[in-house]
Structures are given as structure tokens and as C-alpha cells.
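Within every chain, numbering begins at 1; the chains are lettered A, B, ... in the order of the sequence lines, protein sequences first and strands thereafter.
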Protein chains: 2
Amino acid sequence: VVRSQLQFTEYWQGRTGLSIGLREVLYSETSAFQRVEVFETDILGRALALDGAVMFTEFDEFVYHEMIAHPALSLLHDARRVLIIGGGDGGAAREALRHPDIETLDLVDIDEMVAEVARRFFPNVSSSLSDPRLALHIQDGRAFVEEAKGDYDLIVVDSTDPFGVAEALFSRGFYESCRRLLAPKGILVAQSESPFDPSQRDVVEKVSRSFREIFPIAATYLAFIPTYATGMWSFTLASKRLHPLRDYDGEGAGKRLKGFGLKYYNPEIHRAAFALPTFVRHLISDPGDEGYA
Amino acid sequence: VVRSQLQFTEYWQGRTGLSIGLREVLYSETSAFQRVEVFETDILGRALALDGAVMFTEFDEFVYHEMIAHPALSLLHDARRVLIIGGGDGGAAREALRHPDIETLDLVDIDEMVAEVARRFFPNVSSSLSDPRLALHIQDGRAFVEEAKGDYDLIVVDSTDPFGVAEALFSRGFYESCRRLLAPKGILVAQSESPFDPSQRDVVEKVSRSFREIFPIAATYLAFIPTYATGMWSFTLASKRLHPLRDYDGEGAGKRLKGFGLKYYNPEIHRAAFALPTFVRHLISDPGDEGYA
């Protein structure tokens, strides 16, 4: 038994979860809102953890950040105004700002320490924070959307897990405020936890139900994220007008994506991500094209 | 620090991997070929481990077993003769035998202890072992395919990781022997490890290359399997004639699947599973429909 090695374990539930070998704890502070830690890991590069939950690792952050931004932006294909709630690390903004049509991006995070730590330890993730199109607002996301004026083409809810500081970002009232801020063609996207994790399933179901009650079009999509619980992660997209598959121009999207240097998202992945395993369909009461098996 | 709790950790690499809380070790023996363990876990039901690698848990075995069997069988839609190499637990056979057209299924596993343990501890997985259409051969898989006579409609290589006893099941010579045994319309499917795990990537690439060299049609597909390393698992399919997407009749497959009670596979998942993230395309030199981004 080796007793002097650093291990960080993020539990899915009980005593089961991903255990990560660490070389060093680079940073560990408690902000006004949460515990903020940066680890140098053995094999996953650096990792950012908030309140003990991995926000991202350098190994697989590209999946989360590409998949929260590009499906909606490729569907819109000419978004000009973007709002991101949470995501103070700048990762989602980095992906969004690859789209040259974007003129302004408001990034709203309640915790200044997240942006500071991202600037200091994750230059590749936080590079967007110095983009002249980006305005960083250190403010409560819910208050921001209640006071802001439209019209955003895209609103991204890049929240932490639905406890404590992020709980308000999973409420129906918050989503309704987002809807008011959207342009007629606008899209709302939120990370919606893992449908495979029994302790998170009700979140997927609840976000999906809220979106379908508030918007005429709503759909859940999936991506492989190894360092998130179960490795299956969901996002939920809602729209006033555009359907994520019927209105998607894969050929045009493919052309616009050339030169972005993406590692996960491509037009085939766009269509595939919205195909749900049968148990996920059941979970969110989506019969799929063929109905239940 | 709690010192008296049982934990099982399957490392992806180094000190990083999935740590599973255990209630009890139900079985732990060493056969002529490998260590065989059965755990009662906290939240994943029972788990079977061979040489310290999780073969399946009751929590997510449905994904692996459905996805190794149904894509090929739905594409063939009238397979009569099936050969499964490995998979002595009966899980892949259980899924295959849901297709009523199957007349004979040869299941070849080198290690009798796997079938015995599956019968004793995993009745829901091993139920197929008593199906009158199934013949269990306790024999080396490579020797079996070298001596057997065709024509199989489907050959499934349900192997453990490519070390020790399973190494021969990842060789080009073995795949060529499989090809000889296939009917003109026949399909070969193999589990091909995780493209997201740096220590397994060369396996995906090698299986894909071998299949493309030996068969006119070959394609890799993916599924979410939380308890396998990284949660992203690959299978590679090769065929003499049928293309997994162009020759797939989703409507017909959907009708045949009704009543199977599947929890993962459906016709939309079939098409989606073959869409590969850009980094996986690069890994196996597959340009995708739109070329590289």
C-alpha cells in the first residue's frame, strides 16, 4: 500500500466514482461562493474543480466546450449576440468566438475567482477572456437575465451542478427570463447533467420538461465526456423557431467549420448527438422517430 | 480515513480510473487462464471482473451486449447461423437469440469458469446458455475458427482486452480465418476498446486497419459504457457486401425490434453510432462524409 500519493475522487454516488492520480495541488482557495481547486494530474493535464466536482480537465474539456457552443451556433449560422451564464473559465466563450459573425458576447459568472484562476492556470481555455468582443460581468446570472435587454441570438447556461450557487440556474423562472431575452430565431442551450447517473436523472428530465413547456421546440443531445460522471453527458436545446435537425444545413455548417480546428464536433456528430438511447427517450418521454421498442 | 471498506479500482492508466465501492466479494478464483471475480457493488449491481478488468456490471451490461449484437443482426435481418468467440457469460448470445430467425449459435470460450460463474451469479446475463439453439464450446477461439466450416451469417468477437489469453483474437490472421467462415453476405463484429483512452487507441486503429485491409466494407461505431475505461467504447464491423448505413432499413428494423425490450439500441442509435467525433476519425484515418474540419 502506497500511502503518500495524492488521489482525487469525484463520486458519482456513494463510494463509486472516478479516481484521478494527482502530481500536485496547484491552487486551493475558498471564494465567497465555492471551493476552487486546480490540480496537476498524472495523465489528464490540469484540472479545475469547484466544490469538489471536476469542471474540466485539459484532457477532455474540448468535448464539453465544443458541444455546448457549436450545435446551436451551426444551426443559427449567423449569430451576432451571445450570452453565456456561468462558464467564467472562458471555455464555452472560446468556442463561440470561433464564429466570426459574433459581434458581442456577454459572459456572466458570479465568481471572479474562476476567471482569475482560469487566466493563471489555463491559458488555452481562458484565451477568450481577452477577446475584444467579450464583456465579462461578475454578477449573479439570474439577476443579470432579469435586468438585461434582448435580443440575444444564443443564450448558453454553462452552470455547475444544480446545488448551492447554481440551483437558481435550473429553475423554470430562470429559463422564462432567458426566453424573454431571445431574438425571434434565438436558441437557449443548457448543460443538463448525466442521464446515466441515477442521482442526476431527474435533472435531465426536469430541464427537458421545462424547455418543452416554455418553447415550441426542445431537444436533448449527448456527448462523451470521460471525466464527468458516467461519461455520458447531456445538453438540452430550446428554440423559438429553428429545429435542430430539420433546419440544420450540414453542408453549409461543414464549410463554416473548416479551419476552426475542432476535435469533436462535426456535422455528422451534430445529427448523431440528438439520437437518444431508448432508456434516455423513456426518461424524458421522447418517443423518437420510431416510437418505443 | 475509513480503512475497512472494500474498493475496487480499474485503472485506465497509472493511478487514474473508476473506483467502485463493494459490499462483498462473492467469488474469487483463478482458472487455468485468468483470475475470475464477482463483486456485489454498492450501486452498480453485481460485477464480473477477469484479471482485474470489469467485464460487465448489472448496471450497464445492456449497452455492451445490445451494441455488439443488434447493429449487425438488424442490418442482416435474417441471420440463421451465428458464431460468438469469447462472451462465455452469455450476454452477447442473449441479445443475438432475441432474433427469431437464428437457428444455431456457436459460443466458443476458452474458459469454462466464466460460463459457470455467469450461470451461478448472473442468471439474467447467462439465460441464453440454456437456449436449445446455443452450442457452448469450451475451446480456444483461434483454433475453433481455423478448424470450423462456414457459412456463418455473423461472427462476433467478444474478447477481453488484448493481453494474455485474448491477444490472438486481435491478430490479422485470426480475422482472416473469420472471413473464410463467413457467408457471402456475412458480417464480422469485434469489440475494439476505447478510442478516448491513450493506452488503448492503437487497438482501435489496428482493428480498423486490419478490417479495412481484409474486407471491402469496414466501419467503427461507438457506445456509452460508463464502467469501461473513459465511458466511450468502440466496436468495429466488417462486411463482404452490406454497408452498415446504406443498406440499413431503419423502418424494417424498428418493426422487428418491437417486443425485444431493448434499453439502448434503436434505429436512430444505429445510424448515430457510426458518426465519429473528429479526433476518432483522425485516429482511424476515416475522413467522414464532410472530410476533415
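- Nearest heavy-atom pair, Trp12(B) versus Leu18(A), reported as atom, atom and distance to 0.1 Å: CZ2-CD1, 3.5 Å.
- The part of Phe62(B) that comes within reach of chain A is its side chain, from C-beta onward, which places non-hydrogen atoms under 4.5 angstrom from that chain.
- Remark: side-chain polar atoms of Arg15(B) are paired, donor with acceptor, to backbone N or O of Leu22(A) under 3.5 angstrom.
- A salt bridge is defined here as a Lys NZ or Arg NE, NH1 or NH2 lying under 4.0 Å from an Asp or Glu carboxylate O, and Arg281(B) with Glu268(A) meets this definition.
- Residues of residues 41-60 of chain A placed with any heavy atom under 4.5 Å of a heavy atom in chain B are listed by number as Asp42(A), Ile43(A), Leu44(A), Phe59(A), Asp60(A).
- When the candidates Gly231(B), Ala272(B), Gly17(B), Ala253(B) are compared by the number of heavy-atom contacts under 4.5 Å with chain A, Gly17(B) comes out ahead.
- Applying a 4.5 Å heavy-atom cutoff, the residues of residues 217-230 of chain B that approach chain A are Leu222(B), Ala223(B), Phe224(B), Pro226(B), Thr230(B).
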Evaluate the criterion side-chain contact (heavy atoms from CB on, under 4.5 Å) for residue pair Phe279(A) and Leu262(B); output intermediate values, then yes/no.
CA-CA 8 Å; Phe279(A) 81 91; Leu262(B) 305 187; over 6 Å; no
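- Between Thr278(B) and Tyr265(A), the shortest heavy-atom distance links the atoms OG1-O, 3.6 Å.
- Proximity to chain A is absent for every atom of Arg256(B), based on heavy atoms less than 4.5 angstrom apart.
- Side chain of Ser19(B) to backbone of Ser19(A): no donor-acceptor contact under 3.5 angstrom is found.
- With chain A as the partner, the residue from Ile20(B), Thr9(B), Val280(B) showing the most heavy-atom pairs under 4.5 Å is Ile20(B).
- Looking only at distances, a side-chain donor or acceptor of Asn266(A) sits under 3.5 Å from a matching main-chain atom of Leu276(B).
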